[in-house]
Novice: 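Let me give you the structure first, and then I'll get to my questions.
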Amino acid sequence: MDDTIKLLAIDLGASSGRVMLGIYDGDKLQMEEIHRFENTPVQVNGHLYWDTLRLFHEMKQGVQKAFRQHGELTSLSVDTWGVDYGFIDKRGMMLYPPHHYRDRRMEVHRLKLEALLSPAEQFRMTGLQPSVINTLYQLFSDFQDNDSLMETADTILMMPDLFHYLFSGIKAAESTIWSTSGLVDVTGELSSELFNRLGIPSSLVPQQVHAGTVIGSILPIIQEELNIGPMKVIAGASHDTASAVASIPYTRKDEAAFLSCGTWSLVGMETPEPVISEKSYEYGFTNERCYGNSNRLLKNTTGLWILQELQRNWAKAGENFSQSEMVELAQTINGAPAIIDPNDQLFSTPGVMMQRIQEYCERTGQQSPNTKAEFIRVILESLAQSYCRTIEEMEEITGKTITIIHMVGGGIQNELLCQLTADATGREVVAGPVEASGIGNIIVQLAALGKLEVSKAKEFVARSFTFKTYQPSLVKNSKK
């Protein structure tokens with residue numbers, strides 16, 4: 001008897017989305033990209049919105065393609081970035097497209113909110129680093145700007161919850177995505193005190209569910225529209241980082257850090273409880289929920305953004321280099337002439353990165369790079385040093401010793417960065433899997449369906465995907 005089941009992971013990032021097929025045969029998992037689409041925000045009257053209906057249309061196209069190519073599908077689950085949300089009215093309709101977290105409306109109300117609730121108090125109550133992009137700031141701004149929301153809004157749905165609702169008609173508040181909101185206390189429950197102090201009715205939040213909850217099935221009207229069969233809709237680890245972390249096959253979990261590496265990097269570790277201290281606040285760490293309700297202590301740092309921007313600069317000048325060609329260039333020299341802070345504001349916005357790197361080096365009294373190889377090497381070694389600082393800060397605030405780093409995400413295809421990270425930190429680096437969010441999404445679905453025991457997930461992922469281990473070099477690269 002064939003026990004193979006097929007599931008869909010819809011992984012939506014801030015610039016693109018994809019529908020991934022997971023094929024599970026009872027022993028291993030295979031992943032296949034079915035449909036990829038752009039996620040481009042829309043500006044209207046000075047405000048920035050997500051094109052939610054277009055995104056939902058693309059998701060449906062992916063579901064339809066998967067059904068046509070592979071037949072019966074068991075379930076689907078959506079994971080996205082955090083903090084953003086949409087309003088549903090009393091008729092069950094979306095009031096208006098959700099705002100993009102880069103919308104500027106929050107700055108107008110930031111000081112008023114922080115007079116009611118200081119940033120330090122926010123961190124103490126929630127474990128989340130205060131930021132104007134957080135749901136807390138956005139919701140406060142919405143209710144300040146729009147008096148009618150008290151009458152017209154019936155429900156708040158975070159982005160993955162919103163798409164689950166569009167697919168199933170069921171409203172739910174999944175725990176990992178709500179942990180990014182700044183409205184959940186350190187126990188993982190909605191904070192009625194926070195809602196009350198901000199004048200926002202907590203009744204707008206639907207029933208909370210844990211990651212890995214089957215909330216319903218695809219609506220019959222969508223089945224008819226797409227000419228597909230029934231499928232379960234699962235609220236998985238709906239925050240994409242929570243899904244990525246769920247895919248990690250830890251070998252020494254108590255001594256392990258994770259590094260989700262792409263345009264931006266998330267460096268963190270799983271802890272039993274949130275880490276709330278003056279040092280964790282000062283160092284910029286935040287606390288979010290994991291699948292299984294453990295805590296995800298992490299810090300958002302710059303990833304390959306500067307290198308990607310450098311690549312665009314050169315392409316604009318008529319010199320096209322692939323990521324692999326850039327790595328090959330960097331390997332032609334032994335060491336970087338300087339180290340920059342990738343998280344410096346100088347590198348936070350688009351621009352000519354060669355000039356900015358030279359400006360930083362002049363400001364800090366370092367030798368500026370001159371060749372393309374030197375510029376690339378400066379960026380990669382600086383990223384590795386930045387990761388090292390974050391790892392050391394985590395050891396300080398947790399009292400734990402980290403001996404191994406699990407790197408996941410697209411950035412691990414840069415093998416030089418993986419090796420430099422091992423060298424800079426002096427720790428073993430295990431790279432894989434690349435498709436971490438999609439794989440974690442599928443793993444949580446399998447567990448929700450009773451097809452996979454969570455305790456066996458580590459061995460399951462290790463069997464299904466390839467990994468590469470990097471040991472720190474005995475001799476550090478010399479600096480010019």
Novice: Are the side chain of Glu362 and the backbone N or O of Ser368 linked by a donor-acceptor pair below 3.5 Å?
Specialist: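 Between the backbone of Ser368 and the side chain of Glu362 there is no qualifying donor-acceptor contact (under 3.5 Å).
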
Novice: With no hydrogens and no angle check, do the side chains of Asn39 and Glu58 hold a donor and an acceptor under 3.5 Å apart?
Specialist: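 No pair is found: no donor N or O on one side chain lies under 3.5 Å from an acceptor on the other.
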
Novice: Assess, by modelled atom type and distance only, whether the side chains of Glu270 and Ser294 contain a donor and an acceptor separated by less than 3.5 Å.
Specialist: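 There is such a pair (donor and acceptor under 3.5 Å, judged by atom type) between the side chains of Glu270 and Ser294.
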
Novice: Could you tell me whether Glu396 atom CD has more than 12 heavy atoms of other residues or ligands within 6.0 Å of it?
Specialist: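 Yes, CD of Glu396 has more than 12 neighbouring heavy atoms, counting only those of other groups under 6.0 Å.
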
Novice: Checking side-chain polar atoms at under 3.5 Å, does Gln129 have a donor or acceptor matched by the opposite partner on Tyr283?
Specialist: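 Short answer, no.
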
Novice: Hydrogens and angles aside, do Thr213 and Glu174 bring a side-chain donor and acceptor to less than 3.5 Å of each other?
Specialist: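 Not at all, the side chains of Thr213 and Glu174 share no donor-acceptor pair under 3.5 Å.
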
Novice: Does any N or O in the side chain of Ser265 come within less than 3.5 Å of the main-chain N or O of Cys261, such that one atom is a donor and the other an acceptor?
Specialist: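 A pair under 3.5 Å: no.
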
Novice: Is it the case that Thr135 and Tyr85 place a side-chain donor and acceptor less than 3.5 Å from each other?
Specialist: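 Note: Thr135 and Tyr85 side chains miss the donor-acceptor criterion.
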
Novice: Begin from the C-alpha positions of Arg389 and Glu392 and carry the test salt bridge (Lys or Arg N to Asp or Glu O under 4.0 Å) through to its verdict.
Specialist: CA-CA 5 Å; Arg389 286 193 298 274; Glu392 290 172 348; over 6 Å; no

Novice: Are the side chain of His57 and the backbone N or O of Leu53 linked by a donor-acceptor pair below 3.5 Å?
Specialist: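 Checking the backbone N and O of Leu53 against the side chain of His57, no donor-acceptor pair under 3.5 Å is found.
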
Novice: Can you list the residues that meet the salt bridge (Lys or Arg N to Asp or Glu O under 4.0 Å) rule with Glu395, with sequence neighbours excluded?
Specialist: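 For Glu395 the salt bridge (Lys or Arg N to Asp or Glu O under 4.0 Å) partners, ignoring immediate neighbours, are Arg427.
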
Novice: Salt bridge check: are Arg110 and Glu107 linked by an N-O gap of less than 4.0 Å?
Specialist: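 Salt bridge between Arg110 and Glu107, a charged N being under 4.0 Å from a carboxylate O: yes.
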
Novice: So that I can tick it off, tell me whether Glu435 and Arg18 are bridged by a salt bridge, with the cut-off set at under 4.0 angstrom between side-chain N and carboxylate O.
Specialist: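 Here Arg18 pairs with Glu435 in a salt bridge, since their nearest N and O are under 4.0 Å apart.
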
Novice: Would you call the rings of Trp50 and Trp81 parallel, tilted or perpendicular if under 30° counts as parallel and over 60° as perpendicular?
Specialist: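 Tilted: the ring planes of Trp50 and Trp81 meet at 30° to 60°.
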
Novice: Could you check whether Gln445 and Asn441, counting side-chain N and O atoms only, form a donor-acceptor pair closer than 3.5 Å?
Specialist: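 The criterion, which ignores hydrogens and geometry beyond distance, is satisfied for Gln445 and Asn441.
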
Novice: Compare all side-chain heavy atoms of Leu136 with those of Leu113 and state whether any distance is below 4.5 angstrom.
Specialist: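 Leu136 reaches Leu113 side chain to side chain.
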
Novice: Answer yes or no: is there an ion pair linking Glu309 with Arg312, defined by an N-O contact shorter than 4.0 Å?
Specialist: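 Salt bridge flag = yes for Arg312 with Glu309.
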
Novice: Any side-chain donor paired with an acceptor under 3.5 Å for Thr187 and Glu189?
Specialist: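 No, no side-chain donor-acceptor pair sits under 3.5 Å.
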
Novice: Nearest 0.5 Å, please: how far is CZ in Arg289 from OG in Ser175?
Specialist: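 Ser175 atom OG to Arg289 atom CZ measures 6.5 Å (nearest 0.5 Å).
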
Novice: Using a strict 4.0 Å threshold on nitrogen-to-oxygen distance, state whether Glu374 and Arg377 make a salt bridge.
Specialist: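 No, Glu374 and Arg377 are not salt-bridged.
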
Novice: Go through the side-chain N and O atoms of Arg252 and Thr403 and say whether any donor and acceptor fall under 3.5 Å apart.
Specialist: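 Checked: Arg252/Thr403 side chains pair up, N/O donor to acceptor below 3.5 Å.
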
Novice: Among residues at least two apart in sequence or on other chains, which ones pass side chain to side chain donor-acceptor pair (under 3.5 Å) with Asn287?
Specialist: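 Side chain to side chain donor-acceptor pair (under 3.5 Å) check on Asn287 returns Asn295.
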
Novice: Show the nearest heavy-atom pair for residues Met159 and Thr52, with the distance to one decimal.
Specialist: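 Taking every non-hydrogen atom into account, CE-OG1, 4.4 Å.
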
Novice: Enumerate the residue pairs fulfilling ring pair (Phe, Tyr, Trp, His ring centres under 6.0 Å) with a member in residues 344-379, sequence neighbours excluded, ordered by first and then second residue.
Specialist: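 Applying ring pair (Phe, Tyr, Trp, His ring centres under 6.0 Å) to every pair that reaches into residues 344-379, excluding sequence neighbours, yields Phe347-Tyr360.
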
